[in-house]
Every structure is written in structure tokens, then in C-alpha cells.
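Residue numbers begin at 1 in each chain, while the letters A, B, ... track the order of the sequences. All values reported here derive from a predicted model rather than from experimental measurement.
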Number of protein chains: 2
Amino acid sequence: MSLRMLILAIVEAKPSTGYAITKEFDAVAGFFWRASHQQVYRELAALADEGLVRFKDVAQEGRPDKKVHAITVAGRRAFAEWYAQPQDIPRLNDPLMVKVFTGELGGVDNLIEQLSAARAQHLDKLAMLEAIQREHYPEAPADMPRWKQLVYLTLCWGLARERAWLQWAEQSEALLRG
Amino acid sequence: MSLRMLILAIVEAKPSTGYAITKEFDAVAGFFWRASHQQVYRELAALADEGLVRFKDVAQEGRPDKKVHAITVAGRRAFAEWYAQPQDIPRLNDPLMVKVFTGELGGVDNLIEQLSAARAQHLDKLAMLEAIQREHYPEAPADMPRWKQLVYLTLCWGLARERAWLQWAEQSEALLRG
DNA sequence: TGTGACATGTAAGCAGTTACATGATTTG
DNA sequence: CAAATCATGTAACTGCTTACATGTCACA
């Protein structure tokens, strides 16, 4: 549902092709969502089926034809309805926590290794997010236009999550190492 | 995969029925995983198919018969293999972040409401986790037996995540309210 | 000559949710 | 008498991943 609505919001801002929407996802993927082109095409087809978007075939020279999708009135209505509904908080189901939980069977030394490897990945991700912040959001949040504030907040959540995770991991490794 | 392995670890510790495994999940669900009985039964059937667990039908008086599942040698090997493989960090796909990102189309006032509602849920969850901590883990982590340390660490991650989320939400609401 | 960008899809499968279904015993 | 607990499952569906598949053009 959220993916559908996210696509709807993207084509509302600017009519787009599936390809362009996928690129958009890749660009913000790092800090709040991820979707493959297969998913995007499937959802676009479903949205068109339900009349929430319509598309025009556009022929291009020297490039494949493309389908430019735009939101419909029904699409706007569906989005507004979804937006008003409260969301359940998402569950976690983190494979690493399974490894922590089953650490005695797996071997505590192996667990420590797993934690280290994960820490390296989270450090990379944090560095990436911090680079984005430095490059694209150097000004005070209060001075940003609304749309930029909103994207910035999703970035902030990514930063907060990574920092919290790293703190937890350091504390955990210290405890396990004794 | 993780669910399969989690089930394997549970029956390794103590041969169990699907029902008991589901109860076990419910007990730890709050802080690191969740699984319905349907999922558990399906995975148990698959594990038995692959020879990673075997089960015995046990007749009971005044209760339905039960299938007690135990891990096999192949099961232990499969678990060890899985445990050694590094895990990718899980992606998030949080519907609330979609609402933040699409806040201009949805309406910032509506977004603030959504954030408030989510905050209430996260506060509840944090309170629940803190209660568990007070009740079951009052001692110093270093003094706990290994198995308890491991469970405690998954609880700590839940606590850290909720606290980080709440901090982010407060900051976000403040920014959006101007 | 090969790789990367542009552009769109199918097919199979895994993970998880919701709803449906049964039936005995224990507790309030 | 009703609800909760014990105990097991099927069926349909949603969401997402992985692998397969096609074809052009630009650039190095």
C-alpha cells in the first residue's frame, strides 16, 4: 500500500515513467525506502488498472518508447484516504537479532564476528547519510522550504537509527567480550 | 530463513510443539520478532520435509494429540552454516516515513496528527519494554548468565530503537509546527 | 568491443497476513 | 454458560526478491 501511495505522490509531483520512478527510489533509497524496477512496474500496472493513474505512450527517437504516467482525480482521492488512516508501527524481524538470540547455539565468538561485520556496514551507511547531509542540507532546517524539510526529516531518521544501532552494537560487543 | 533458523534453535534447546513455539514467539515478540501460528506450522512442516527436524506424535489424555519436534544432525549443520554467513542489514520500508516524505500532498496538519498518533504507540511500546526490563533484568548485565545476556541485548536494542524514534518524532513535530 | 544508460517487462518463489475451520478441556 | 487454553491445520492473498529476457544508443 505504501509503495503504491509513494508512487502516486511521485507522479503527482511530476508525470514520470517507471524507469524514472525507480531512479527516484534509488536516490532516496538510502534513507527510507527501496523498491526494484519490477515492483515499480507491477504497481504502476495495478494503479492504471484501478484508474488511479493514466499513462500516455510516448515515442522517442533513438530511445525505447516510454509510458508517462500521471495521477488521476480518483488517484488523488485514494491518496487522501490512505493518508488520513493511522498506520500501525512496523515490526522489525531483524535477522541479526535472531543471531544474537541464538548466540549460544551459534557460538559467541561467531556472534562477535557477525556483530563486527554488521557494524562495518552500519558505519558505511552512516557515513553515506552524513555525506548527504553535509552536501545537500547544510542550512538550518527552519530555513528550508517545506518540501525540503520533509525530505530532511526522513534523512534525520536514518541518521538517528544508524547512530542508535552503532551505540547498541558497541555496548553489546563490550559485554560479550567480557 | 531467519524464522526457520529461529525455530530450529528453539527446538534445539527443547523439543517443542508448534503451539509451544508460537507461545515462545509471543513472549519475545515485543522486542525482536513476531510470527503467527500459521507461519510456525508451515515452517515446521518444511523443516520436517527437509529432514532438519523430526517429530513424534504424542497422544494425550483430555487434550489433542501433539507433534513434538526435535532437531536432527542435518538441522544442526544447516543452522551452523546459516549462522556463519554474514547478513545484509535489513531495509526499513516504514509507512510513516512515506507519509513524512509525501507530507505536502497529504497536508502538513494531517502529518502532524499522524506523528502524534505514532508517538503514542511508540511510547506504549517503550513503557512495555521498560516494564520487562525492570521485572526480568534488574541485575547488572555482566552478572547474567550468557543466555540471559543474549536475550537482554535484544531487549536493549528494542529500548534503544524506541528512544531514538521518540527523540526524532519530537524534533520533527517541533520543526513542522514552526 | 564492451559497459552503462535508457526502457520495459515475465516468471518463480519466499515471507508474511487474514480469514476460515475443528474440537476437547479448563476456568470463571 | 461463556471464554480461555491447548492443539492443529487449509486457503487465499499481498508484498517483495531473484532470475530471466529484450533491444537501442552513447561513450571510451
Side-chain angles (χ1 to χ4, degrees), chain A residues 1-8 11 15-27 29 32-50 53 55-69 82 87-95 98, chain B residues 1-8 11 15-27 29 32-50 52-53 55-69 78 82 87-95 98:
Chain A
M1 205 73 249
S2 293
L3 175 58
R4 275 257 237 294
M5 294 304 146
L6 189 45
I7 290 175
L8 225 39
V11 300
S16 305
T17 64
Y19 188 85
I21 294 166
T22 305
K23 292 279 122 172
E24 181 95 11
F25 275 114
D26 287 348
F32 89 99
W33 200 276
R34 183 190 142 181
S36 60
H37 78 277
Q38 290 91 338
Q39 261 181 292
V40 172
Y41 286 120
R42 188 156 18 81
E43 292 303 332
L44 275 174
L47 284 166
D49 248 28
E50 293 166 34
V53 301
F55 61 90
K56 241 194 300 199
D57 283 298
V58 177
Q60 293 182 115
E61 287 186 33
R63 297 228 164 276
D65 290 0
K66 59 184 183 179
K67 291 184 181 179
V68 177
H69 296 258
W82 167 78
Q87 228 67 53
D88 279 335
I89 62 178
R91 77 210 142 291
L92 339 86
N93 289 18
D94 184 340
V98 176
Chain B
M1 208 69 248
S2 293
L3 175 57
R4 271 247 239 297
M5 294 304 145
L6 189 44
I7 289 175
L8 225 40
V11 300
S16 305
T17 65
Y19 188 84
I21 294 167
T22 306
K23 292 280 123 170
E24 181 95 11
F25 275 115
D26 288 348
F32 90 96
W33 200 277
R34 183 188 143 182
S36 60
H37 78 276
Q38 290 91 339
Q39 261 181 291
V40 172
Y41 285 120
R42 197 174 351 99
E43 294 302 334
L44 275 175
L47 284 166
D49 249 28
E50 294 165 34
L52 306 184
V53 302
F55 61 89
K56 241 194 299 201
D57 284 298
V58 177
Q60 295 183 114
E61 286 184 33
R63 297 225 165 277
D65 290 1
K66 59 184 184 180
K67 291 185 182 178
V68 178
H69 297 257
W82 168 79
Q87 228 66 54
D88 280 336
I89 62 177
R91 77 210 140 289
L92 339 85
N93 289 19
D94 185 338
V98 177

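Atom pair B:R91:CZ and D:dC16:C1' shows a separation of 7 Å (rounding to whole Å applied). Atom CD of A:Q87 is separated from atom P of D:dG15 by 12 Å (rounded to the nearest Å). Spacing between atom CG of A:D65 and atom P of C:dT8 amounts to 9 Å, rounded to whole angstrom units. Counting to the nearest Å, the P atom of D:dG15 and the CZ atom of A:F25 are 13 Å from each other. In this entry the distance linking CD1 of B:I21 with C1' of D:dC6 reads 15 Å, nearest Å. Computed from coordinates, the B:M5 CE to C:dA15 C1' distance equals 14 Å when rounded to whole Å. D:dG9 atom C1' lies 15 Å from atom CG of B:D49, rounded to whole Å. Computed from coordinates, the B:D88 CG to D:dT17 C1' distance equals 12 Å when rounded to whole Å.
Taking all atoms of both residues into account, the shortest heavy-atom contact from B:F25 to B:W33 is CE2-CD1, 3.9 Å. B:N93 approaches A:R34 most closely through the heavy-atom pair OD1-N, 3.4 Å. Closest heavy-atom contact between A:V11 and A:S16: CG1-N, 4.3 Å.
Atoms NZ and CD1, from B:K23 and B:I21 in turn, are 13.0 Å apart once rounded to the nearest 0.5 Å. The CG atom of B:L52 sits 13.0 Å away from atom NE2 of B:H69, with the distance rounded to the nearest 0.5 Å. Atom CZ of residue A:R4 and atom CZ of residue A:R42 lie 10.0 Å apart, to the nearest 0.5 angstrom. One finds the OH atom of B:Y41 at 5.5 Å from the OG1 atom of B:T22 (value rounded to the nearest 0.5 Å). Note that CD of A:E43 is 5.0 Å distant from CG of A:L3, once rounded to the nearest 0.5 Å.
Of the residues in residues 40-47 of chain B, those lying under 4.0 Å from DNA chain C by heavy-atom distance are B:R42.
A close approach under 4.0 Å does occur between a side-chain nitrogen or oxygen of B:T17 and OP1 or OP2 of D:dT8. Distances shown here put a side-chain N or O of A:Y19 below 4.0 Å from the OP1 or OP2 atom of C:dC6. At the phosphate of D:dG15, neither OP1 nor OP2 sits under 4.0 Å from any side-chain N or O atom of A:Q39. Put simply, B:R4 has no side-chain N or O that comes within less than 4.0 Å of OP1 or OP2 on C:dC14. OP1 or OP2 of D:dT10 has not a single side-chain nitrogen or oxygen of B:Q38 nearer than 4.0 Å.
In terms of position along DNA chain D, the nucleotide closest to B:K23 lies nearer the 5' end than the nucleotide closest to the other residue of the pair B:N93 and B:K23. Nearest-nucleotide positions on DNA chain C for A:V68 and B:S36 put A:V68 closer to the 5' end. Comparing A:K66 and B:M1 by the nucleotide of DNA chain C that holds the closest heavy atom to each, the one mapping nearer the 5' end is A:K66. Each of A:H37 and A:S2 was assigned the nucleotide of DNA chain D with the nearest heavy atom; the assignment lying further toward the 5' end belongs to A:S2.
Of the candidates C:dT17, D:dT18, C:dG9, C:dG9 carries the atom nearest the A:K67 side chain, counting heavy atoms from C-beta on.
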